[in-house]
Amino acid sequence: MAGIYGIVSANKPISKNQFQHFHSYTSANIINEEFETENLIFGRSVLNKFTKDRVLSDLDDYAIGIEGVLYNNKKGLSTEEYIIKAYKRDGISFLKELSGQFSGFILDKSLQKLFVFTDNVSSKALYYHQGDNGFFCFSSEAKLIPSLLIELNLSPTLDHDAYKSLLTFGYFLDDSTPINEARKLPYASFLELDIPTNKLTQKKYFTYSLNINSSKKSDLIEHVDSLICNAVSQEWQKDVEYNYPHFAFISGGLDSRVNLMLADELGYKTDLGLTFSDPKSTDHIIAGKIASDVGFKHSHVPLNGDYLLHDMCQNISANDGMATLIGASHAMSSLERFDLQEFGLAHSGQIGDVLFGTYSNKPPISRSTIGSYGFVNNSEIIQSISFIDDLIKRYDYEQGPEMFSYEQRQFNGTLNGDRMMTHLIDSASPFFDKELLQFCLNIPKELKKGQRIYLDWFNSKHPKIANYPWQKTGVKPSSFLRTEVAFFKKRVLNKVYSKLGKQYDNMNPFDVWFKEKPELTAFYKNLFDKHIHVIEDDELKAMTKKIFNQGDPISMMNAVSALLTANLFLKK
């Protein structure tokens, strides 16, 4: 993940140009720079785009860094001027007013205080370490932290619980990272460091409230429409602000087409739409039809599993080892084929299904159900995570499954794919919008079952969206009942085909690819054998072998991902 960093080291010198530890610092169209004040070394390795939003400045009274884009109307002010004015007016509580996809920091030189913050979904994640003797650091790429520790003659140590979560869930739980010495800053949060005393506090500047909305369904739909239209408009307008052509992902699903087609209705014309999927999947057929009707250039990258034979160590470095290889490798390998420098944001429909009910009607979070939120459901390993029972208790309420999905699976797992892309292009989704997400959380779950209100919304307000089949069901999403019946039939058929190792309608049919290409199994077996020595603990080593030896593609890739992540952070 390209981004920013900062280091407070009162007693020990730190080598210069720490951006060299960032994954893409040698790539073209990357800004690498570093500054040093009396109290802080700070720098970045970022895309050379959106440079009025993405700022790094050492001013007389403040040092400021923003990674990402802000949607706020700055009223003619520069980003630095806007931030300073808001901070002087409201203190750090001004963060609750920011809109966009960002992370950042403010150093108040007069108070000798450093504030480090994330947005409402942690779309631009930050990681940090607080040590003894006045040492503190933060970074968009967590792998910078073990490099700094080693420079200080300290040894990073593997977090066993975190390793177990990556091995099973395919992402880290809560604020954990691969090593005990680094933590993730949660969404909508900030750190406050008092530099003279090295006192560090962490606080939320925004919390999602849970209070079911009892309004009429028609009123809910009106409000959803207003919020989505506003979110789409401010996202696409950011391209217009910089005169960038519009680039969007388009598939056979609902969420990407909602963003793209709604933008088209609002006057934003897509220049290039990209689909990546197995050539036998209906994804690219549906996307191609949408492209033809809406009127934009469409490219399809056919996936046949060969991307799984790429340099997986590089892929783990690109995603910072924060999630399994399964999730984003296909997107990264597809995007690398294009020159994306001329485009602004990569518009997607990320997490749209979650807002409208994918997890709202799931059974309560328990020891028997929590594993279903991951890629490999191994109850023995999951239940050996020391804090798992406390985690389950925390989500023991009606909306617990939905909030677990957001706070754990989406913000720590799904969004890692977006972060991985930041080496090439900034991604954006209207479904990250704070007001929209907050509103959807409180729609009654009976209206979100089967994404009912989602379908009702676009069928009543934007019916063209329903003119094309939904890949998940194989039919046009023109009514809730029709899609529910079709989804059940297709799910059963896909499961049967998957078990038989036959082709089924999926953009990434791993079972089929591994059956057709024995070299995939051999490739991952070689990676496994080459890196299993990284895990010195006998229990963890046995767990890793157990997952890998299950023999299915997902388990093998999860196990290899965990090993490569441990290798990246332990510098073996």
Side-chain angles (χ1 to χ4, degrees), residues 162-173 276-278 280-281 283 303-310 312-313 315-316 319 321-333 358-359 369-382 385 405 408-410 412-417 420 472 491 493-529 531-532 535 540 542-566:
Y163 183 84
K164 292 173 187 177
S165 68
L166 184 60
L167 193 59
T168 52
F169 287 95
Y171 51 87
F172 295 108
L173 298 171
F276 36 85
S277 65
D278 186 276
K280 297 177 183 177
S281 165
D283 258 298
L303 302 178
N304 61 6
D306 285 349
Y307 73 89
L308 296 171
L309 296 170
H310 292 176
M312 289 299 124
C313 291
N315 280 4
I316 284 292
N319 83 356
M322 289 296 148
T324 178
L325 291 164
I326 300 165
S329 294
H330 62 293
M332 193 73 171
S333 66
T358 294
Y359 293 92
T369 63
I370 194 169
S372 66
Y373 289 79
F375 288 96
V376 179
N377 190 354
N378 185 294
S379 59
E380 180 183 357
I381 296 175
I382 291 172
I385 297 172
S405 168
Q408 307 297 338
R409 183 178 172 94
Q410 311 308 326
N412 286 346
T414 302
L415 267 62
N416 194 70
M420 188 174 179
K472 178 179 175 181
R491 183 174 59 179
L493 186 62
N494 276 352
K495 282 186 176 181
V496 171
Y497 275 36
S498 177
K499 288 183 179 296
L500 295 174
K502 294 183 177 181
Q503 183 70 43
Y504 55 103
D505 195 2
N506 189 301
M507 67 183 293
N508 282 297
F510 296 115
D511 294 330
V512 174
W513 291 342
F514 272 71
K515 183 177 181 180
E516 292 178 347
K517 297 175 180 289
E519 61 269 30
L520 283 169
T521 300
F523 178 75
Y524 283 90
K525 178 66 165 64
N526 179 61
L527 281 173
F528 180 86
D529 292 340
H531 292 90
I532 187 63
I535 305 303
L540 287 185
M543 289 177 176
T544 309
K545 290 179 177 179
K546 182 175 183 177
I547 294 298
F548 186 84
N549 290 333
Q550 288 179 183
D552 63 279
I554 303 297
S555 297
M556 286 191 288
M557 287 190 285
N558 251 36
V560 169
S561 296
L563 289 176
L564 296 182
T565 293

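Sequential numbering from 1 along the given sequence is applied to the chain's residues.
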Rounded to the nearest 0.5 Å, what separation is found between the NZ atom of K546 and the CG atom of L167?
-> 11.0 Å
Side-chain heavy-atom pair K164, L540 within 4.5 angstrom cut-off | yes
Heavy atoms only: give me the nearest N558-F169 pair and the separation to one decimal.
-> ND2-C, 4.5 Å
In terms of heavy-atom contacts, L303 and W513 come closest through O-CZ2, 3.4 Å
Looking at CG of L520 and CZ of F514, how far apart are the two atoms once the value is rounded to the nearest 0.5 Å?
-> 4.5 Å
Partners passing side-chain hydrogen bond (donor to acceptor under 3.5 Å, both in side chains) against S329 (at least two apart in sequence or in another chain) = N315
Side chain to side chain contact (heavy atoms under 4.5 Å, CB included) against Q550, all qualifying residues, sequence neighbours excluded = V376, N378, I547, D552, S555
Report the residues that fulfil side-chain hydrogen bond (donor to acceptor under 3.5 Å, both in side chains) with Y307, sequence neighbours left out, ordered by chain and then residue number.
-> N508
Would you say Y524's side chain and P553's backbone share a donor-acceptor pair under 3.5 angstrom?
-> no
Kindly compute the distance separating CG (D283) from CZ (F276), expressed to the nearest 0.5 Å.
-> 9.5 Å
Would you check, one step at a time, whether the test ring-ring contact (aromatic ring centres under 6.0 Å, His included) holds for Y373 with Y359?
-> CA-CA 10 Å; Y373 289 79; Y359 293 92; 5.6 Å; yes
Closest non-hydrogen contact found for T168 with I382 is OG1-CG1, 3.7 Å
Nearest heavy-atom neighbours spanning K280 and D278 = N-OD1, 2.8 Å
Rounded to the nearest 0.5 Å, what separation is found between the CE atom of M312 and the CG atom of L325?
-> 6.0 Å
Compare every heavy atom of S561 with every heavy atom of I316, then report the nearest pair and how far apart it is.
-> CD1-O, 4.0 Å
Would you please name every residue forming a salt bridge (Lys or Arg N to Asp or Glu O under 4.0 Å) with K545, sequence neighbours left out?
-> none
What pairs with N416 under side chain to side chain contact (heavy atoms under 4.5 Å, CB included), at least two apart in sequence or on another chain?
-> M1, N319, M322, A323, R419
Pairwise distance CG(L173) to CG(N412) - rounded to 0.5 angstrom | 7.5 Å
Partner set under side-chain hydrogen bond (donor to acceptor under 3.5 Å, both in side chains) for N304, not counting sequence neighbours = D306
Spacing of T544 atom OG1 and L166 atom CG [to the nearest 0.5 Å] | 10.0 Å
Shortest non-hydrogen pair, M557 vs F510, comes out as CE-CD2, 3.7 Å
For I535 and Y163, run side-chain contact (heavy atoms from CB on, under 4.5 Å): C-alpha distance rounded to whole Å, both residues' side-chain angles, the deciding distance at 0.1 Å, then the answer.
-> CA-CA 10 Å; I535 305 303; Y163 183 84; 3.6 Å; yes
May I have the step-by-step check of salt bridge (Lys or Arg N to Asp or Glu O under 4.0 Å) for D529 and K525, ending in yes or no?
-> CA-CA 6 Å; D529 292 340; K525 178 66 165 64; 2.6 Å; yes
